[in-house]
Asks: 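Here it is: the structure, laid out below.
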Amino acid sequence: VSKFQLIESTLREGEQFASAFFDTETKIEIAKALDDFGVDYIELTSPAASEQSRSDCEAICKLGLKAKILTHIRCHMDDARLAVSTGVDGVDVVIGTSQFLRQYSHGKDMNYIAQSAVEVIEFVKSHGIEIRFSSEDSFRSDLVDLLNIYRTVDKIGVNRVGIADTVGCANPRQVYELVRTLKSVVSCDIECHFHNDTGCAIANAYTALEAGANLIDVSVLGIGERNGITSLGGLMARMIAADRDYVLSKYKLHKLRDLENLVADAVQVNIPFNNPITGFCAFTHKAGIHAKAILANPSTYEILNPADFGLTRYIHFANRLTGWNAIKSRVDQLNLHLTDAQCKDVTAKIKKLGDVRSLNIDDVDSIIREFHADVTSTPT
Ligand code: HCA
Ligand code: CU
């Protein structure tokens, strides 16, 4: 997988999330946190969306962040004029190319699309800033139409072309094929944007990179229209498993949890329990067999190292699936001393109670302490 860059769209796609409302202060806080994390680009809502969106865009451009600031507009000269006036480093242009969007959204044919794309791209380029052209609903667009328009915009000299799975219909194999085909047609970079309606957003992003795409759109926690897009954290998990050195050299992974908490608070959601990396049980090991091997060597059951993210693993011992190795490690943590044979005995007691009801740590600790008191007070 080639070296990749992130277009972070929490402040654009993420604003389209059902419960998102970002005031200026929150946007600035999120933009600074994303920049600190190390994202390459920060994409902002179109200045044409509202007056506040326009002035917030200007304000974020003035922060002097390391990340390049982009705004995302329709393929329209009015939007383009407004966009270049905000001080952004680049403009992401999108227009629907599928039959659905041409018929039920903007109602334009491919000739019109090509003409306005050329006009907008030339205008943005004349301002000396980056330009990306993307087709909305790429996977339900006619392939010949798609390749034609990408070829046209590549010739004018865009920085990137984008593929967007707007409705989340694509599977990894389709992604691989489309990116490969596109790569044989254009010489510019390829950016990809995947919605998560069928749960493929992270896999599709990874496959796109395998096929030669260079940039992936993400948002914190994956927030966006409907159930959102590829999540920043999920992609980090996938990519660190693929190329640890590159990911660690580029992104401050130990800031991921704070970043997710910031955005979760702002849009009033909880971090999902099964979230990659930061879900509450992402590094919790439960069954006795797992616990034993984790204690011996964590890599036995962990593809990700929690320390890379400033997190710690947890061995869940208060349950009937536990084993004596996990209990022994708890005994050690409590600074008590029991032989292996004694640990096995106390484990049997814990499992017995665990068969009757759900246990908590205090239950286990008191069984251990009682057992310990017994064995140390009885003269042998
Ligand atoms: C949308 C637009 C978009 C744009 C993606 C892109 C999509 O429908 O809200 O600019 O590449 O999913 O098509 O987010
Ligand atoms: Cu989208």
Side-chain angles (χ1 to χ4, degrees), residues 8-10 13-14 16-20 30 33-34 37 168 194-206 216 218-242 247 251-295 298-323 326 329-330 350 354 357-365:
E8 218 298 333
S9 193
T10 299
E13 178 77 50
Q16 297 173 227
F17 179 60
S19 63
I30 292 173
L34 291 171
F37 182 82
F194 298 106
H195 277 264
N196 201 34
D197 300 74
T198 65
C200 289
I202 296 169
N204 282 344
Y206 181 76
I216 300 292
V218 294
S219 67
V220 176
L221 297 172
I223 59 168
E225 283 287 340
R226 307 185 305 284
N227 81 333
I229 63 167
T230 308
S231 64
L232 171 65
L235 190 65
M236 290 295 100
R238 180 78 287 267
M239 297 318 295
I240 198 173
V247 172
Y251 302 108
K252 289 189 193 160
L253 298 181
H254 56 283
K255 304 230 163 163
L256 180 66
R257 187 164 56 170
D258 287 347
L259 179 57
E260 289 188 344
N261 283 334
L262 171 67
V263 172
D265 281 353
V267 301
Q268 296 164 304
V269 298
N270 294 316
I271 308 287
F273 73 90
N274 57 353
N275 209 37
I277 303 165
T278 53
F280 91 93
C281 52
F283 296 106
T284 296
H285 304 274
K286 185 166 168 186
I289 295 170
H290 286 238
K292 178 184 178 194
I294 282 286
L295 287 164
S299 296
T300 316
Y301 282 108
E302 278 175 357
I303 192 60
L304 306 176
N305 180 355
D308 284 345
F309 311 96
L311 302 173
T312 48
R313 73 180 56 85
Y314 179 67
I315 295 187
H316 191 309
F317 52 86
N319 67 82
R320 67 179 171 199
L321 306 181
T322 197
S329 126
R330 184 59 182 171
I350 292 163
R357 62 173 172 85
S358 145
L359 305 178
N360 58 39
I361 296 175
D362 286 346
D363 294 327
V364 172
D365 287 357

Asks: Please check if the side chain of E8 supplies one atom and the backbone of T10 the other of a donor-acceptor pair under 3.5 Å.
Replies: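 Yes, because the side chain of E8 sits within donor-acceptor range (under 3.5 Å) of the backbone of T10.
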Asks: Going from CD1 on I271 to CD1 on I277, what distance comes out if it is rounded to the nearest 0.5 angstrom?
Replies: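 CD1 of I277 is found 11.5 Å from CD1 of I271.
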Asks: Minimum heavy-atom separation for L259 to A33, with atom names?
Replies: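 For L259 and A33, the tightest heavy-atom pair comes out as CD1-CB, 3.7 Å.
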Asks: For the residue pair N275 and F280, establish whether any side-chain heavy-atom pair is separated by less than 4.5 Å.
Replies: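 The answer is no; the side chains never approach within 4.5 Å.
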Asks: Regarding T322 and N319, is there a side-chain donor-to-acceptor distance under 3.5 Å anywhere?
Replies: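 Note: T322 and N319 side chains miss the donor-acceptor criterion.
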Asks: Counting distance only, does the side-chain N/O of T300 pair as donor-acceptor with the main-chain N or O of I294 below 3.5 Å?
Replies: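 No, because the side chain of T300 does not come within donor-acceptor range (under 3.5 Å) of the backbone of I294.
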Asks: Determine, step by step, whether H290 and Y301 satisfy the ring pair (Phe, Tyr, Trp, His ring centres under 6.0 Å) criterion, reporting the C-alpha distance in whole Å, the side-chain angles of both residues, the deciding distance to 0.1 Å, and the verdict.
Replies: CA-CA 7 Å; H290 286 238; Y301 282 108; 3.7 Å; yes
Asks: Treating N360 as the side-chain partner and D363 as the backbone partner, does any N or O pair qualify as donor plus acceptor under 3.5 Å?
Replies: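 The answer is yes, because a donor-acceptor pair under 3.5 Å joins these two groups.
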Asks: When rounded to the nearest 0.5 angstrom, what distance separates CG in N305 from CZ in R313?
Replies: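 Nearest 0.5 Å value for the CG-CZ distance: 6.0 Å.
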Asks: Side chains of L256 and Y251: closer than 4.5 Å at any heavy-atom pair?
Replies: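 When only atoms from C-beta onward are counted, Y251 and L256 do not touch, as no gap falls below 4.5 Å.
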Asks: May I ask you to check whether E13 and S219 show a side-chain donor-acceptor distance below 3.5 Å?
Replies: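 Side chains of E13 and S219: no pair found under 3.5 Å.
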Asks: Partners of I202 by side chain to side chain contact (heavy atoms under 4.5 Å, CB included), sequence neighbours excluded?
Replies: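 I202 satisfies side chain to side chain contact (heavy atoms under 4.5 Å, CB included) with T230, S231, R238 only.
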Asks: Just verifying a value: how many Å separate E260 CD and D265 CG, rounded to the nearest 0.5 Å?
Replies: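 That separation rounds to 12.0 Å.
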Asks: Could you grab the distance from atom CG of L34 to atom CG of L232, nearest 0.5 Å is fine?
Replies: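 Going from CG on L34 over to CG on L232, the span is 7.5 Å.
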Asks: Do other residues, nucleotides or ligands put more than 12 heavy atoms under 6.0 Å from I289 CD1?
Replies: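 Open.
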Asks: Give a yes or no answer on whether the side chain of N196 reaches the backbone of A201 with a donor-acceptor pair at less than 3.5 Å.
Replies: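 At least one qualifying donor-acceptor pair exists.
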Asks: What's the spacing between C200 SG and F194 CZ if we round to 0.5 Å?
Replies: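 The CZ atom of F194 is 10.0 Å from SG of C200, to the nearest 0.5 Å.
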Asks: Quick one: CD1 on I240 to CG on L235, what's the gap to the nearest 0.5 Å?
Replies: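 With rounding to 0.5 Å, CD1 (I240) is 11.5 Å from CG (L235).
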